[in-house]
Protein chains: 2
Amino acid sequence: MINIKYFFKFAADILLFHGIFMKLTNTSEYALRILTYMAKDPGQLYTAKSLIEKLKISDKYLRRLMTTLSKEGFIYSIQGRDGGYSFKKQPNEIFLADVVNAVEGMDTYAGCVLGFEECSCENPCVMHSTWVKVREEFMSVFTGKTLSDLDFELAKRY
Amino acid sequence: MINIKYFFKFAADILLFHGIFMKLTNTSEYALRILTYMAKDPGQLYTAKSLIEKLKISDKYLRRLMTTLSKEGFIYSIQGRDGGYSFKKQPNEIFLADVVNAVEGMDTYAGCVLGFEECSCENPCVMHSTWVKVREEFMSVFTGKTLSDLDFELAKRY
DNA sequence: TATATATACTACATATATGTGGCAAATACT
DNA sequence: AGTATTTGCCACATATATGTAGTATATATA
């Protein structure tokens, strides 16, 4: 899930700055943060402890998420001493959309921006075409890129 | 605020359909639903009662929203018998981004898709450029269109 | 078998978004 | 002044997302 907010902000020099706030839910953020981190070195076995320390995600929340990601087939887990998590599917088989979908659940549908049930191309609301433009950009990016299609060389993080 | 979810859905013919769920918060949906409805006939005075019936928004929630929209300067309100709401700013002066921003509050900022505080073009996360593409599409559409730039002829709704 | 270390699960706690109830205040009309 | 109709406001109720606590279970090693 993604949250988007617009904002206005005064810079120090009194310049009016008109920007956007667009944010995944913490849950989706965490899932992508974890998997993109693991994708840098996909062969490794990662303990919850190491992920928590490295990625600043709260202990129990991360563990619950790992269980979800495991049940969804992205990773497998090994219990007991010397246990941990590693990839089950390869990173180049995992699309960004799949990750978001998995952790957010599938009990949703493509909705009208104004919340109308009956909105469609044949019977559009006043914002239909406007919204479709935004949605299609998001769709093409998130369904078109896998975990291994990201900027691992550019990013100095982790 | 906007919530986006991906979804998979089986059509009747067993075709696997891979789509997107992308949704404003109810609050933003309501605000846009109300203002786009009013923008079809901007000169009129609208009672809360008529808006509730027409737009299927719960009584008290709509009234609270109208007060917000009024305080934010989009509309003015007339109390008492024969009172109601009407535009203060003209619809062609109200950008979609302004509406979302007004009802969601301004205590936010443009964030990293993975939730990193320090993420920027100079110090990007692995998803930075990917996310910027999506965000800029949303930004250009919502800061580029006003309430009067919508498809009033096409939409049979209301 | 005992111990250390790891994941799995359940239930609860907190924060935020959303929705509701009741009453006060304003205004037109009689 | 009295009444009907309308907006304004406060406090609470509910739903969902997020975060935490405690305990059970699994496994490598000694």
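Everything quoted here is computed from the prediction, not taken from an experiment. Quick note on labels: first sequence line is chain A, next is B, and so on, each numbered from 1.
- A/Lys71 has no side-chain polar atom (N or O) that falls below the 4.0 Å cut-off from OP1 or OP2 of C/dT7.
- Atoms CG (B/Leu62) and P (D/dC9) sit 15 Å apart, rounded to a whole Å.
- Between B/Ser58 and C/dT20 there is a side-chain polar atom (N or O) within less than 4.0 angstrom of OP1 or OP2.
- To the nearest angstrom, P of D/dG22 lies 15 Å from CZ of A/Arg63.
- Rounded to an integer number of Å, the gap from CG of A/Leu55 to C1' of D/dG19 is 17 Å.
- Per the geometry, CG belonging to B/Asn26 stands 14 Å off C1' belonging to D/dT14, to the nearest Å.
- Contact check for B/Leu32 versus B/Tyr30: no side-chain heavy atoms found under the 4.5 Å cut-off.
- Nucleotide D/dC9 holds its P atom 14 Å from the CG atom of B/Leu69, rounded to whole Å.
- B/Glu93 has no carboxylate O lying under 4.0 Å from a charged side-chain N of B/Lys89, or vice versa, which leaves the two without a salt bridge.
- Rounding to whole angstrom units, CZ of residue B/Arg64 and P of C/dG22 are separated by 16 Å.
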Shorter than 3.5 Å, N or O on both sides, protein versus nucleotides 28-30 of chain C: list them out with atom names.
| from | atom 1 | to | atom 2 | distance (Å) |
| --- | --- | --- | --- | --- |
| C/dA28 | O3' | B/Asp82 | OD2 | 3.3 |

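- Computed from coordinates, the B/Leu51 CG to D/dT6 P distance equals 12 Å when rounded to whole Å.
- No hydrogens or angles were tested; on distance alone, a donor-acceptor pair under 3.5 Å links the side chain of A/Lys60 to the base of D/dG22.
- An OP1 or OP2 oxygen of C/dA17 is reached within less than 4.0 angstrom by no side-chain nitrogen or oxygen of B/Tyr61.
- No close placement of the A/Tyr76 and A/Phe87 rings is indicated, their centers lying 6.0 Å or farther apart.
- The phosphate of D/dT6 has neither OP1 nor OP2 within less than 4.0 Å of any side-chain N or O from B/Ser77.
- Judged by a 6.0 Å distance limit and a 45° cone about the ring axis, A/Arg135 is not positioned over the six-membered ring of B/Phe138.
- Residue order along DNA chain D, read from the 5' end via each residue's closest nucleotide, puts A/Tyr30 first among A/Ile78 and A/Tyr30.
- Rounded to whole Å, the distance from CE on A/Met66 to P on C/dA6 is 14 Å.
- In this structure, B/Thr47 and B/Ser50 have side chains that are in contact, with non-hydrogen atoms separated by less than 4.5 Å.
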From CA spacing to verdict: side-chain hydrogen bond (donor to acceptor under 3.5 Å, both in side chains), A/Thr146, A/Ser148 | CA-CA 5 Å; A/Thr146 71; A/Ser148 56; 3.1 Å; yes
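- Side-chain atoms of B/Asn123 never come within 3.5 Å of backbone atoms of B/Ser120 as a donor-acceptor pair (strictly under, hydrogens ignored).
- In this structure, B/Ser70 reaches neither bases nor backbone, as no heavy-atom distance under 4.0 Å exists between it and the strands shown.
- The side chain of B/Thr47 places no N or O atom within less than 4.0 Å of a non-bridging phosphate oxygen (OP1 or OP2) of D/dT5.
- The side chain of A/Thr67 contributes an N or O atom lying less than 4.0 Å from OP1 or OP2 of C/dA8.
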